[in-house]
Amino acid sequence: MKIYNTFTRKKEEFIPVESGKIKMYVCGPTVYNYFHIGNARPFLFFDVVRRYFEFIDYKVTFTQNITDIDDKLIEQSIKEKVPVKTIAAKYIDAFYEDLSALEIGKVDHQPRATEFVDEMITLIKDLEKKGYAYENNGDVYFAVNNFKNYGKLSGKKIEDLKTGARVEANLQKKNPADFTLWKKSKAGEPKWQSPWGEGRPGWHTECVVMSRKYLGDTFDIHGGGIDLIFPHHENEIAQAEASRNKRFVNYWMHNGYLNIEGQKMSKSLNNFFTARDILKKYKPEAIRFFFLSKHYRSPIDFNEAIIIESSKAVEGFYQVLKQVDYLSFSDEKIEYEKQQIELIKKFKEAMDDDFNSAKAIAVLFEIVKKIKNPTIENSSKKQFARLLVELGLVLGFFQNLEEKLQNNIGTIAEDLINLMIEYRLQFRKEKNWKMSDQIRDDLKKLGIILKDTVDGTDWELE
RNA sequence: GGCGACAUCGCCAAGUGGUAAGGCAAGGGUCUGCAAAAUCCUCAUCCCCGGUUCGAAUCCGGGUGUCGCCUCCA
């Protein structure tokens, strides 16, 4: 399979460090707030990456950090007037709630920065000893000039960083591009003891020590949003490779940004949506479809129309599964034949090409077409339906199939609806269109949609 | 100022040299008392200009436009 590697800016044949195994690390949230819909993209995408690797029989170890100490948490704790720990706890809970609501699976290791302060101190000491770090008045910085190839991931040159007007002037640093490894704490801020006095770790260090612990010095995939390339991932490489002199990561994967109606999401533009906001209005699978219908590296535009369209598309999947009454044979063992095997191949080809989920979804629709095709016989439709579910699951759809295919409203309500349908049928026989239409309209007001088919009247909830 | 990405039907979107997947919308047909649902059919030569090639949406050069990174950021 091929993966686009940010490091080489090329699609490369994927070769894992250890055959049959995947070691991947994806940058997780900084828990100072609810995560927003843009944050959801990497979470959701890398969930699909894991699912796909498992589908093609890799054993995956997936690690994701939680940053539970940094400037933003401190700010938020002042805002909410509670300790940093409380902020972290609150938004860690929210993080898990939102992931679960989005039907994103658990990762294997989810370490928190505050659990790794000792390891970070050890790493910084090591960097200091090797001449890559220097202390100044309680802060410790990484000296980018001492690390050859600094900027090799992002393609930046230290000189350019200097001339760029946006690098903050900090007289404590030897070079403006040097980044913080350890930060002296101010009064009232959370602090840890260190050889440089009381302070807290800089942001980039946690990912190095955590990935090292769970995945080893060199691992396969490190992922995150495109904005993390610089400085975060660049600085991770610098620390990791300066301290161990081994290649840190083989494949760097970065997802594109999410825009809102063509604009960057920001609080000042008032177009900022948390994932939980969106989930109040739309189904998780609609959000999933929305993201996966575009290649992960492309920027994606979020707007109302598009998410409604996505909802409809997902609805179409359930429609055909209902049509074939999927639940009635969901436990049966079903063998695939040539046609299905061909489609699996097509699906894999799409996903093997740098996780081309948009193309993979097209295969799902191809299967839908087969199921809808009236000339295809029932036994064969069962096979296609099973295939739809199996491949859909790889992309994270159909995780609550039973629930979705049943109208869970209780037997009495169901009986009542059926009774109304019978009455309506009676009126229709009598050609009493007024009454039969009234029943239909009234039920619609209650959110019950009647569908007249050749074999009688079906209903579903709006 | 430095670096980079993208530009394909009304909308979303795949496609990386061999003659434009797919979804939504739209139009038309079937079904129906009507409506919905269901179902069938129709629907693009790829931002502009120039070049390479037997052949380009796909490669090269030049425009134009949109966006991103260089500061916390997925």
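For clarity, every value in this text was computed on a predicted model and none was experimentally measured. Below, all heavy atoms of this structure are taken into account, side chains as well, without hydrogens, waters or symmetry copies. Order of the sequence lines sets the chain letters (A, B, ...), proteins ahead of strands, with each chain counted from 1.
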Exercise. Name the orientation class of the two ring planes belonging to A:Tyr296 and A:Phe355 (parallel below 30°, tilted from 30 to 60°, perpendicular beyond 60°).
Key: perpendicular

Quiz item: Can you check whether A:Phe365 stacks with the B:rG23 base, using ring centres under 5.5 Å and planes within 30°?
Solution: no

Exercise. Sort out the partner of B:rC46 for me: Watson-Crick or G-U wobble, both distances under 3.5 Å, none otherwise.
Key: none

Practice problem: Examine B:rG15: is either OP1 or OP2 under 4.0 Å from a nitrogen or oxygen in the side chain of A:Asn356? Give yes or no. | Solution: yes

Self-check item: Aromatic ring proximity A:Tyr141/A:Phe179, centre distance under 6.0 Å
Solution: no

Exercise. To the nearest Å, give me how far apart CZ (A:Arg41) and C1' (B:rA74) are.
Key: 10 Å

Self-check item: Heavy-atom neighbours of A:Tyr423 OH exceed 12 at 6.0 Å
Solution: no

Practice problem: Ignoring backbone atoms, test whether A:Lys372 places a side-chain nitrogen or oxygen under 4.0 Å from the OP1 or OP2 oxygen of B:rU39. | Solution: yes

Quiz prompt | Residue matched to B:rA57 through Watson-Crick or wobble contacts both under 3.5 angstrom | solution = none

Quiz item: Quick one: A:Lys294 NZ to B:rA74 P, roughly how many Å, whole number?
Solution: 21 Å

Quiz item: Does the ring center of A:Phe398 lie less than 6.0 Å from the ring center of A:Tyr326?
Solution: no

Quiz item: Choosing from B:rA74, B:rC72, B:rA35, which nucleotide comes nearest the side chain of A:Leu228?
Solution: B:rA74

